[in-house]
Amino acid sequence: MTWLSQISQRAAHLTDVLGIRAPVLGAPMWGVTTPQLVASVSEAGGLGVLPSGLLNGDALCKAIADVKRLTNQPFAVDLRVPLREREIEVKTDQVFDALEPLRDELGAPQEMPCIPDFDEQFEAILASDVPVVRFSFGGPREVYAEALEARHIVMIGCVNSTREAKVLRTAGCQVIVAQGVEAGGPRQFFENPAEASQIGLMALLPPVVRVSGDASVVASGAIMSARSMLAAMMLGASGVEIGSLLVRTNESAWPQAMKDQVPWCDDAATRLTALTSGRMTRVVPTGLADALVDAGLEPAPYPGQLKALYTVDQAARRQARLDLVEMPLGQAAQTAPTGSAQAVVERLIHEYEGMLGEIHAD
């Protein structure tokens with residue numbers, strides 16, 4: 001079998017498992033991905049993925065219903081698995097109290113959001129008849145996996161290492177997303193420490209493919225073109241996950257001021273930091289992060305830091321205060337296009353298939 005045939009076979013397996021037309025998944029970018037963006041990716045032939053974020057059960061059911069009103073194609077919902085490490089409330093309160101003057105300046109609420117209960121979100125997904133569930137920060141415990149398997153719901157897990165891929169394969173995930181260090185947003189590690197989870201996609205992808213068995217592997221990180229998609233497929237991926245490629249689209253929730261900043265962010269513009277959420281995340285550094293460092297405040301463990309900064313971030317977005325927002329972004333994001341998300345995804349798929357056709361013709 002030729003390598004071109006192997007690529008086609010792997011992609012076909014992934015699309016069959018997910019019930020989609022093309023091997024492309026949207027990233028569940030909290031603060032970016034809207035129901036409209038999810039539906040647009042699915043309508044283009046890929047798999048849109050809705051982040052559950054800070055949505056309680058009722059709000060999550062509503063968001064899922066919004067997606068279903070916009071498309072009858074398959075889509076997924078992402079759940080953040082509770083971490084083994086507990087929130088340290090004293091540290092959370094220290095960060096929150098330090099930001100009181102800034103909240104006053106912005107007119108932001110002097111209160112922290114509630115972190116939704118995982119079981120409540122999980123039950124909302126079961127009640128909403130979602131075809132695919134994606135897990136961040138770990139795999140599903142047995143009781144959750146059995147509930148999903150009983151309903152024939154496909155499970156996707158995400159990893160930063162081969163060790164984690166082995167765990168997710170054992171947990172029953174049919175699809176494993178290998179997230180390279182180039183990717184924007186939070187890191188997915190759950191078995192290794194943060195400093196051991198900064199592996200580039202080209203180094204990470206082949207061994208994850210090797211240990212994942214029958215599970216399809218999806219490449220995530222710096223997938224900004226058909227060429228980068230083909231490169232990932234040649235390294236053994238069955239498909240790709242796109243995030244930064246979609247941040248400037250019409251359906252993105254980012255305010256225009258944030259979208260306009262993206263073309264100015266070169267490959268050295270982002271940093272890995274725990275200051276924005278308490279979990280290592282690739283973002284564009286802001287004045288707020290610098291101020292927290294200058295104040296000598298260590299980030300509160302996730303989700304404490306996220307809670308402490310949330311109302312500041314939301315108010316800063318509304319007021320286009322780019323010096324105060326959290327701006328997760330990948331290392332190759334500067335080429336992100338504008339326009340409709342469906343058109344962006346369709347163009348990616350069309351160009352990728354065209355390249356395959358040219359190679360086959362040669």
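The chain is numbered in sequence order, starting from 1.
Cluster annotation: V95 is not connected to V283 through the hydrophobic network of ILVMFWY side chains, with a link wherever side-chain heavy atoms come within less than 4.5 Å. The hydrophobic cluster containing L246 also contains M327, counting ILVMFWY residues as joined when their side-chain heavy atoms lie under 4.5 angstrom apart, directly or transitively. Residues V49 and V218 share a single hydrophobic cluster, defined by chaining ILVMFWY side chains whose heavy atoms lie under 4.5 Å apart. When the side chains of ILVMFWY residues are joined at heavy-atom separations under 4.5 Å, either directly or via intervening members, M229 and L245 end up in a single hydrophobic cluster. Residues V208 and I7 fall within the same hydrophobic cluster, defined by Ile, Leu, Val, Met, Phe, Trp and Tyr side chains chained together at heavy-atom separations under 4.5 Å.
Remark: K62 does not engage D58 in a salt bridge, criterion side-chain N to carboxylate O under 4.0 Å. A salt bridge between E146 and R151 is absent, with no side-chain N of the basic residue lying under 4.0 Å from a carboxylate O of the acidic one. Looking at K307 and E87, a side-chain N of the basic residue comes within less than 4.0 Å of a carboxylate O on the acidic one, giving a salt bridge.
Legend: residues meeting side-chain hydrogen bond (donor to acceptor under 3.5 Å, both in side chains) with S220, ordered by chain and number and at least two apart, are E241. With sequence neighbours left out, the side-chain hydrogen bond (donor to acceptor under 3.5 Å, both in side chains) criterion links D117 to no other residue.
Side-chain atoms of R169 come within 3.5 Å of backbone atoms of V211 as a donor-acceptor pair (strictly under, hydrogens ignored). No donor-acceptor pair closer than 3.5 Å links the side chain of T33 to the backbone N or O of P51. At distances below 3.5 Å, not a single donor-acceptor pair connects side-chain atoms of D323 with backbone N or O atoms of T286. In terms of modelled atom types and a separation under 3.5 Å, the side chain of E182 and the main chain of L201 share a donor-acceptor contact. Of the possible polar contacts, one joining the Q305 side chain to the A300 backbone as a donor-acceptor pair under 3.5 Å is found. A donor-acceptor pair is defined here as one N or O able to donate and one able to accept, closer than 3.5 Å; no such pair exists between the side chain of Q331 and the backbone of A183. Although no hydrogens or angles enter the test, the distance criterion places no donor-acceptor pair under 3.5 Å between the side chain of E164 and the main chain of F189. At least one donor-acceptor pair under 3.5 Å links the side chain of E251 to the backbone N or O of A341. The main-chain N or O of R187 is found under 3.5 Å from a side-chain atom of R279 such that the two form a donor-acceptor pair. In this structure, the side chain of Q179 engages the main chain of P186 through a donor-acceptor pair within 3.5 Å.
Counting heavy atoms from C-beta on, the side chains of I153 and L126 come closer than 4.5 Å. Under the 4.5 Å side-chain criterion, counting only non-hydrogen atoms from C-beta, Y144 is in contact with R141. With a 4.5 Å cut-off on side-chain heavy atoms, V133 and I125 count as touching. A 4.5 Å side-chain heavy-atom check between L18 and L25 finds at least one atom pair inside the cut-off. Between L288 and L102, the closest side-chain pair of non-hydrogen atoms falls below 4.5 Å. A 4.5 Å side-chain heavy-atom check between P140 and M155 finds at least one atom pair inside the cut-off. Counting heavy atoms from C-beta on, the side chains of T311 and Q314 never come closer than 4.5 Å. In this structure, the side chains of K259 and S252 come closer than 4.5 Å at one or more pairs of heavy atoms.
Between the side chains of Q174 and D214, no donor-acceptor pair of N or O atoms lies under 3.5 Å. Under the 3.5 Å distance criterion, with hydrogens and angles disregarded, a donor-acceptor pair is assigned to the side chains of N192 and S161. With hydrogens and angles left out, the side-chain atoms of Q256 and D260 include a donor and acceptor closer than 3.5 Å. Checking T71 against E43 by side-chain atom types alone, a donor-acceptor pair falls below 3.5 Å. Counting only N and O atoms by type, the side chains of S340 and N250 include no donor and acceptor under 3.5 Å apart. S8 and R10 share no side-chain donor-acceptor pair at under 3.5 Å.
For the atom pair CG (L79) and CZ (F122), the distance works out to 7.5 Å, reported to the nearest 0.5 Å. To the nearest 0.5 Å, atoms CG (L205) and CE (M234) are separated by 12.5 Å. Atom-to-atom distance recorded for T15:OG1 and R21:CZ is 11.0 Å, nearest 0.5 angstrom. Atom OG in S197 sits 5.0 Å away from atom CG in N160 (nearest 0.5 Å). Between the OG atom in S238 and the CD atom in Q6 there is a gap of 11.0 Å [rounded to 0.5 Å]. A distance of 13.0 Å separates CD1 in I176 from CZ in F135, rounded to the nearest 0.5 Å.
Closest approach of P74 and G19 over heavy atoms only: CG-O, 3.2 Å. For the pair P116 and L55, the tightest heavy-atom approach, listed with the atom from each and the gap, is CB-O, 3.4 Å. Here the shortest heavy-atom pairing between S244 and A336 reads O-CB, 3.4 Å. Of all heavy-atom pairs between S42 and F75, the closest is OG-CB, 3.7 Å. Heavy atoms only, all atoms of each residue included: P301 and I88 are closest at CG-CD1, 3.8 Å. The two residues G45 and I20 come nearest to each other via the heavy atoms O-CB, 3.6 Å.
Heavy-atom contacts from other residues, nucleotides or ligands closer than 6.0 Å to CE of M355 number more than 12. By the 6.0 Å contact criterion, CD on E298 is open, its count of non-hydrogen atoms from other residues, nucleotides or ligands being 12 or less.
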Decide side chain to side chain contact (heavy atoms under 4.5 Å, CB included) for R282 and R271; before the verdict, give the C-alpha distance in whole Å, the side-chain angles of both, and the deciding distance to 0.1 Å. CA-CA 5 Å; R282 183 170 293 285; R271 298 289 186 275; 5.9 Å; no
(Q) I'd like to know whether T276 forms a side-chain hydrogen bond (donor to acceptor under 3.5 Å, both in side chains) with E326, so could you lay out the CA-CA distance, the side-chain angles of the two residues, the decisive distance to 0.1 Å, and finally the verdict. (A) CA-CA 6 Å; T276 57; E326 181 195 30; 3.0 Å; yes
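For the pair R80 and F118, the cation does not sit on the ring face, since its NZ or CZ is not both under 6.0 Å from the ring centre and inside 45° of the axis.
With side-chain heavy atoms closer than 4.5 Å counting as contact, directly or through intermediates, the hydrophobic cluster containing F96 also holds M112.
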